[in-house]
Amino acid sequence: MPNTFDSDDTRSLMRTKTLTMNSSSYLDGLNDDQRAAVESLEGPLLVLAGAGTGKTRVLTTRLAHIIHTGNASPSQLLAVTFTNKAARQMIDRVGNLLGHSVDGLWLGTFHSVAVRILRMHAEIVGLKSNFTILDTDDQTRLLKQLLQARNVDEKRWPARNLCTMIQRWKDRGLTPKQVENIDFGDFANGEAYLIFREYQERLRVLNAVDFGDLLTHCITLFQNETDILSNFHKRFRYILVDEYQDTNIAQYLWLRLLAGTGQQNICCVGDDDQSIYGWRGAEVGNILRFEKDFPGAEIIRLEQNYRSSGNILAAASGLIEKNVGRLGKTLWTDDDLGHPVVVTGNWDGEEEARAIGIAIEEKFHAGSSLNEFAILVRASFQTRAFEERFLSIGLPYRVIGGPRFYERQEIRDAIAYIRVLIQPDDDLAFERILNVPKRGLGDASQQIIHQLARSSQISLHQASRIIIGTDELKSAARNSLSQFLENFERWRSELDEKPHWEILEVIMDESGYTSMWQADKSPQAPGRLENIKELISAIEDFESFSAFIEHVSLVMDRENGREGGVQNRFSRGQATKQNDMVNIMTLHSAKGLEFDTVFLPGWEEGLFPHQLALDEKGSEGLEEERRLAYVGLTRARKEAQILFAANRRVYNQWISAIPSRFIDDLPVDNIITNSLIKNHPKLYEKTSYSHYTQDSITLVSKDSRNDLNVLWEEEKPVKNRNSGSRFKTNDRVVHRKFGVGRVSKVDGEKLDIIFDRVGIKKVVDRFVEPEK
DNA sequence: ACTAAACTATTTTTT
DNA sequence: ATAGTTTAGT
């Protein structure tokens, strides 16, 4: 991984590299605030660390400082992060600072620390310590069964929705009983809380927990067993929390219980302006409330930014100031003003991709490394336009994020085989693979097994064993089931003889799973076989199957992501390194990273701020979107470019859009809006991005789009965005490009129009005229 | 029981 | 557009 991926502030990172362990020289080079945050050890402390102010450095130095000064031994330190990546990084950096690796630290994600605690005391919450951890897929399948059992209309109330509902409840630390008294809408005829209760009962029977349970069970444990809790109090002298603004209520309760009242010292680091996970239960309120929650708390603000040049920082600060209800920070930098932020409009999404491609190629040929470019998008579908464009011009890129390796169907199947192997009573896994590959055990057979299992309160596996001794199944099905069970017996007996990865290979072969994909002629089948191979080799790194299972359920690491582009075309010249690629990712996954040049495409109303965010959370949602914009801008060191398109294809439909209101939020002094783009939209003509100076942009190439220019010239002055449309349903209208049509729906100034020639389109009011 | 065709929902972000 | 799911046909 290139340097940029190690996040945070590269410049301060480089300073730390020269340090040695001999003295407390790790303190050198910290500014006053940073140093105070490291050395203020007693009592609750909130470090408000703005973007690029050296947050991670403070956290890791603080850990190193506590250990180095002997204030506490590593095992008395608890440090929690949100991502495994952050946790790994922190361990590494602490080791670097101290000059030796550190053992015994309780450092990990909220969930991995919770598992560790829960495995120690599982019986208290009614579990066995070898409980399994379910993922969303398992949860949804389970919920689906429960919904079916209640004859709930799954079209109307899908299991997926209930799954998120339950997750959100657990984020808030709610039990089924508490949910009874809150308003959850009419889901499942108002019976959602009953299903929630049944679901929890099922989990207990299955000796399983979901992600949310890891925290809520811990909370129950702490609340009911004061002895155990006070042991943890004695153990953890110092608690450190990263990204505090992203904690949900359950995590907050968990922390408060662990932090106790007296002797411990809790230090939370975060930035309310970078809270972007409200949609999955995070509560900015936690960080805003810190002083009340922890009386006598000290608050240290880190405001010197070491990352971005002046204009970028000012633009970002001006933007975020439009939010109300923030703790408030004033970021500043010693750096020059640098480039202003460039805001440019394009005709459509494809042109946007083309423009960014051109800009990157030019800078690349001028000597920039591709790793130093990032394209940060709001929604993952936006990456496609860039991938297509970059593939066609042979510009190497990588997409960070995307589907996770362990969530792929074939990987989950293989894991289900492992789960049944080591834990035959794991019903969810058993069910998943019983007829995968097809072995003649369809609905009817499964029904019979299920029935017996339910009526006798035994697992599917046990029920199957009984059933093969009866004639309840037709002989073909019975033989097949018996073969299936025998196979597992045999594989299990080989566990001691062969290394586990070989057993997995044997299972995949002998179960027919491999041949199933070999026989499959769909284009993705070879890839799936590849993935299975990759899994087999990945598993070699683990001591045992169970160690591996624990890893996959907790460390939901992503694969490296897609890579594309033609290497050769760019291979000449000394600037090209093997892994030199443009980075494409969502704004969310960009948090914590930084790049020289950042492109922020798709700044259009509806996409960014995203319509769903506004619909679901109103002004709160808008503010979170704005924070996301802030996060995006502050990723840039030297250059940031914001782009918007007048038209975009979304689910195979063309949508016309207006520029994001966030563009209006940017202070005019720090940006180039290409002069009059918004008032004279004919400047939507293609512009070149690379020939500007600080004061002006030179328009270089023009597209032959005269017809479009006419369209723009006729535009009415932009009205207040929230005002409604001039049109009402059934009005006849004319569109420059789409012809005549009839309005079928009016939503603010957005219209659905059924055009006579081209069918239904979404169009903004001012693009159409009344039919004469 | 399996397969193919038809239909449908789904596209914000993820520990 | 695509993937996933349901349905009807073999």
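Here is the naming used below: chain letters follow the sequence lines, and residue numbers restart at 1 for every chain.
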Find the distance A:Arg648:CZ to C:dA1:C1' and express it as a whole number of Å. 17 Å
Judged by modelled atom types alone, do A:Tyr199 and A:Asp210 share a side-chain donor-acceptor pair under 3.5 Å? yes
Rounding to a whole Å, what distance do you find between A:Gln274:CD and B:dT13:P? 20 Å
At under 4.0 Å between heavy atoms, what does A:Ala444 touch on the DNA or RNA strands: base, sugar-phosphate, or nothing? sugar-phosphate
Return the nearest nucleotide to the side chain of A:Arg280; candidates are C:dT6, B:dA1, B:dT14. B:dT14
Would you call A:Asp413 and A:Arg432 a salt bridge, using N to O less than 4.0 angstrom? yes
Distance, rounded to the nearest Å, where A:Arg168 contributes CZ and B:dT14 contributes C1': 9 Å
Once you round it to whole Å, what is the distance between C1' of B:dT14 and NE2 of A:His111? 10 Å
For A:Arg384 and A:Gln409, find the nucleotide of DNA chain C closest to each by heavy atoms; which residue's nucleotide sits nearer the 5' end? A:Arg384
For A:Glu616, answer base if it contacts any base atom (sugar-phosphate contacts may also be present), sugar-phosphate if it contacts only those atoms, and nothing otherwise; contact means non-hydrogen atoms under 4.0 Å. base
With a 6.0 Å cut-off on ring centres, are A:Trp279 and A:Tyr277 close enough? yes
Do any side-chain nitrogens or oxygens of A:Ser445 fall under 4.0 Å of OP1 or OP2 in B:dA1? yes
Please state how far atom CE in A:Met516 lies from atom P in B:dC2, giving the value in whole angstrom units. 13 Å
Looking only at the side chain of A:Asn435 (C-beta and beyond, no hydrogens), which of the listed nucleotides B:dT13, B:dC2, B:dA1 gets closest? B:dC2
In whole angstrom, what separates A:Asp135's CG from B:dT14's C1'? 13 Å
Consider the side chain of A:Tyr277, meaning its heavy atoms from C-beta on, and name the nucleotide among B:dT14, B:dT3, C:dT6 that approaches it most closely. B:dT14
Residue A:Trp279, side-chain atoms from C-beta onward, closest of B:dT13, B:dT11, B:dC2: B:dT13
Is any NZ, NE, NH1 or NH2 atom of the basic residue among A:Arg389 and A:Glu351 found under 4.0 Å from an Asp or Glu carboxylate oxygen of the other? no
May I have the distance from A:Leu147 (atom CG) to C:dT5 (atom C1'), rounded to whole angstrom? 16 Å
Hey, which of these two, A:Ala477 or A:Pro158, hits DNA chain B nearer its 5' end, going by closest nucleotide? A:Ala477
For the side chain of A:Thr586, starting at C-beta, report the closest nucleotide among B:dT11, B:dT14, B:dC2. B:dT14
Charged tip of A:Arg626 within 45° of A:Phe662 ring normal and under 6.0 Å: no
Whole-Å gap separating P (B:dT13) and CG (A:Leu376): 14 Å
Report the residue (A:Leu441 or A:Thr136) whose heavy-atom-nearest nucleotide on DNA chain B is the more 5′ of the two. A:Leu441
Do any side-chain nitrogens or oxygens of A:Arg160 fall under 4.0 Å of OP1 or OP2 in B:dT11? yes
